[in-house]
2 protein chains.
Amino acid sequence: MEMRRADRIAETLEGLIFSGEFSDGDRLDEHRLAERFGVSRTPIREAFQRLALSGLVEAIPRRGVFVRQPGIVELMDMFEVMAEFEGICGRLASSRISDDALAALNDANARCREAVEAGETDAYYRENERFHHIIYRQSGNAFLEGEASRLHRRLKPFRRVQLQLRGRLMQSMSEHEGIVKALTDADAEAAARLLREHVAVQGEKFHHLMASLKSAAE
Amino acid sequence: MEMRRADRIAETLEGLIFSGEFSDGDRLDEHRLAERFGVSRTPIREAFQRLALSGLVEAIPRRGVFVRQPGIVELMDMFEVMAEFEGICGRLASSRISDDALAALNDANARCREAVEAGETDAYYRENERFHHIIYRQSGNAFLEGEASRLHRRLKPFRRVQLQLRGRLMQSMSEHEGIVKALTDADAEAAARLLREHVAVQGEKFHHLMASLKSAAE
DNA sequence: AGAGCAAATCTTGTATACAAAAACATTGAC
DNA sequence: GTCAATGTTTTTGTATACAAGATTTGCTCT
């Protein structure tokens with residue numbers, strides 16, 4: 001099956017939720033969305049199931065589907081797990097990583113640096129993502145790679161906010177370099193620790209996240 | 001939404017796949033299943049989506065859905081991640097666990113011991129599950145708890161095979177006791193290490209898993 | 001007889017029609 | 001005026017009908 005149409009709709013809806021067009025608690029009306037997308041209710045419902053499984057909406061039987069943005073507590077939990085994922089990937093990758101991948105990491109990092117110097121947040125964001133995906137892949141565990149990618153993707157909109165923190169880009173950059181060094185030296189524990197700390201939400205990052213959530217809730 | 005009917009069907013299908021009625025590569029026919037369950041194709045398709053998201057079947061567009069049992073490599077990857085999950089839960093729980101939960105763990109362990117002595121594999125299996133779920137919960141991270149439970153559930157049929165290993169029950173028991181001790185002492189690193197090793201597939205366990213997979217493939 | 005093409009058949013994906021349940025509003029009683 | 005009960009109206013869940021793509025079969029041509 002798969003229904004390409006439903007897939008496209010799911011993606012679009014995801015975007016609409018992230019962009020804030022639909023916010024927490026909103027009910028998603030099948031009829032309205034069907035009209036809006038010019039399709040019947042069927043593909044809309046299929047799209048809903050996708051979103052429900054990825055946790056973006058909650059489906060209450062005989063009531064409808066509701067947008068469900070994670071609260072601060074859930075978000076912190078998710079970041080905590082993400083940090084652990086990164087750490088595990090790093091630890092495993094430190095002994096399994098290939099020379100090509102190390103080169104690719106350095107390459108991604110170089111582009112990151114260019115983006116920072118040019119002040120291009122979007123470019124930095126893109127290369128940062130590439131950097132992390134390489135490490136997931138080099139964990140040598142396809143299942144872990146999938147799970148890490150899934151959660152990374154889910155946290156995307158919130159991380160984006162974080163990276164806009166002034167001065168954060170530069171710090172993030174230097175952390176990347178430490179991580180590459182640990183991986184190059186095959187220092188498993190250092191790679192795990194640095195990656196965990198790189199992603200962990202603490203200190204100033206925490207307050208910034210709180211603030212962004214509050215403003216989004218208005 | 002949620003469709004109670006589709007839910008029941010998804011569960012039933014899951015059971016049929018685990019029980020071996022449908023095996024790897026089989027196509028699941030919508031018409032046939034609809035007839036068999038006495039419903040229309042719609043709920044069957046909804047059930048398929050659930051199964052696809054939990055990874056039990058693969059949906060190929062315009063081709064159909066196919067049962068997709070994990071191979072040995074994928075399975076090892078999943079067990080590796082499960083071991084890490086357990087370790088993380090243990091590390092977090094060691095500082096967050098409540099006295100009530102510790103009592104519950106001891107209780108579950110006592111029942112485990114009874115089951116071992118009575119030779120009741122099923123009872124042991126049930127209590128073992130309870131034991132682990134308590135630890136997931138006590139990680140104090142609801143998201144982590146959910147992810148760990150999900151993977152635990154997915155690996156259920158394979159773990160069951162493992163526990164039938166002669167003498168494994170006894171060893172598993174003593175490992176449980178070590179874990180409870182580490183948690184009681186709030187020894188984070190010991191709890192993490194013991195739980196990781198408890199779940200990790202290595203040595204004899206690996207060979208047994210291999211053998212069970214081969215026999216299932218026939 | 002075998003390869004290639006075309007028509008028929010089967011299967012998936014989508015739309016619509018229908019049934020049941022929940023939300024809503026109106027009416028009536030206290 | 002408020003609360004409850006009942007009837008109306010949405011809205012979800014399911015069935016069926018229809019359309020488009022894939023597969024298979026059989027025919028033709030070499």
Side-chain angles (χ1 to χ4, degrees), chain A residues 1-18 20-70 150, chain B residues 1-18 20-70 150:
Chain A
M1 63 176 146
E2 165 145 0
M3 306 129 259
R4 319 167 295 307
R5 216 161 312 196
D7 253 336
R8 265 195 30 249
I9 291 168
E11 266 180 57
T12 309
L13 280 176
E14 202 176 286
L16 290 177
I17 292 172
F18 285 154
E21 172 145 357
F22 298 110
S23 43
D24 193 60
D26 285 2
R27 190 175 70 83
L28 296 177
D29 189 296
E30 293 181 1
H31 276 290
R32 275 245 262 284
L33 290 171
E35 242 178 71
R36 173 164 177 174
F37 288 106
V39 297
S40 80
R41 279 172 53 215
T42 313
I44 300 288
R45 288 172 63 85
E46 310 249 356
F48 281 172
Q49 290 210 327
R50 308 282 172 96
L51 298 179
L53 263 294
S54 77
L56 262 111
V57 303
E58 189 180 9
I60 301 173
R62 298 271 179 202
R63 300 290 299 271
V65 313
F66 299 83
V67 176
R68 172 135 172 55
Q69 294 282 35
R150 210 168 55 96
Chain B
M1 65 175 150
E2 163 145 0
M3 306 130 255
R4 320 169 294 306
R5 215 161 312 195
D7 253 336
R8 265 195 31 249
I9 291 169
E11 267 182 55
T12 309
L13 280 176
E14 203 176 285
L16 290 177
I17 292 172
F18 286 154
E21 172 145 356
F22 299 110
S23 43
D24 192 61
D26 286 2
R27 189 175 71 83
L28 296 177
D29 190 298
E30 293 181 2
H31 276 292
R32 275 245 260 284
L33 289 172
E35 244 178 69
R36 174 165 177 174
F37 288 106
V39 298
S40 80
R41 279 172 54 216
T42 313
I44 299 288
R45 288 172 63 84
E46 311 251 355
F48 281 172
Q49 290 211 326
R50 308 283 174 98
L51 297 180
L53 264 293
S54 78
L56 261 111
V57 303
E58 189 179 9
I60 302 175
R62 299 266 179 206
R63 299 289 299 273
V65 312
F66 299 83
V67 176
R68 170 132 174 57
Q69 294 281 36
R150 212 167 55 93

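In what follows, chains are A, B, ... by sequence order, proteins preceding strands, each numbered from 1. Quantities reported herein were computed from a predicted structural model and do not represent experimental measurements.
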Completion exercise
Per-nucleotide protein contact along nucleotides 17-24 of chain D, 5' to 3', at a 4.0 Å heavy-atom cut-off (B base, S sugar-phosphate only, - neither), is B---SSS-

Handout entry: Listed nucleotide nearest any side-chain atom of A/Arg45, set D/dA15, D/dG13, C/dA15
Key = D/dG13

Practice task
Sequence neighbours left out, what passes side-chain contact (heavy atoms from CB on, under 4.5 Å) with A/Arg32? Give chain and number order.
Solution key: A/Asp29

Practice task
Using the test side-chain hydrogen bond (donor to acceptor under 3.5 Å, both in side chains), find all partners of B/Glu14 that sit at least two apart in sequence or belong to another chain.
Solution key: B/Arg153

Fill in the blank from the handout: For B/Ser54, the side-chain contact (heavy atoms from CB on, under 4.5 Å) test, sequence neighbours excluded, returns B/Leu56

Practice task
Examine C/dT14: is either OP1 or OP2 under 4.0 Å from a nitrogen or oxygen in the side chain of A/Thr42? Give yes or no.
Solution key: no

Handout entry: Atom-to-atom span, CZ of A/Arg8 to C1' of C/dT14 - whole angstrom
Key = 14 Å

Exercise for the section: Could you tell me the separation between the CG atom of B/Leu33 and the P atom of C/dT11, rounded to a whole number of Å? Expected result: 12 Å

Practice task
Please list, chain by chain and in numerical order, all residues satisfying salt bridge (Lys or Arg N to Asp or Glu O under 4.0 Å) with A/Glu58, sequence neighbours excluded.
Solution key: A/Arg68

Handout entry: Considering all heavy atoms, the nearest A/Pro43-A/Ala6 contact
Key = O-CB, 3.7 Å

Completion exercise
note: A/Asp7, atom CG; C/dT12, atom P; distance rounded to Å ~ 17 Å

Exercise for the section: Starting at atom CD1 of A/Ile60, determine the distance to atom C1' of D/dG13, rounded to an integer number of angstrom. Expected result: 16 Å

Practice task
Write down the distance between CD (B/Glu46) and C1' (D/dA15), rounded to a whole number of angstrom.
Solution key: 12 Å

Practice task
Write down the distance between CZ (A/Phe37) and C1' (C/dA15), rounded to a whole number of angstrom.
Solution key: 17 Å

Exercise for the section: For A/Glu21, enumerate each residue passing the salt bridge (Lys or Arg N to Asp or Glu O under 4.0 Å) test, keeping only those at least two apart in sequence or located in another chain. Expected result: A/Arg36

Practice task
Find the distance B/Ile44:CD1 to D/dT14:C1' and express it as a whole number of Å.
Solution key: 12 Å

Problem - Test side-chain contact (heavy atoms from CB on, under 4.5 Å) applied to B/Ile9 and B/Leu33, step by step - result: CA-CA 10 Å; B/Ile9 291 169; B/Leu33 289 172; over 6 Å; no

Quick test: give all pairs of protein nitrogen or oxygen and nucleotides 5-10 of chain D nitrogen or oxygen below 3.5 Å, distance rounded to 0.1 Å.
none

Exercise for the section: Please state how far atom CD in A/Gln49 lies from atom P in D/dT14, giving the value in whole angstrom units. Expected result: 10 Å

Exercise for the section: State which residues pass side-chain contact (heavy atoms from CB on, under 4.5 Å) with B/Asp26; sequence neighbours excluded, sorted by chain then number. Expected result: B/Phe22, B/Ser23, B/Val67

Exercise for the section: Starting from the C-alpha separation in whole Å, work towards a yes-or-no answer on side-chain contact (heavy atoms from CB on, under 4.5 Å) for A/His31 and A/Ile44. Expected result: CA-CA 9 Å; A/His31 276 290; A/Ile44 300 288; over 6 Å; no

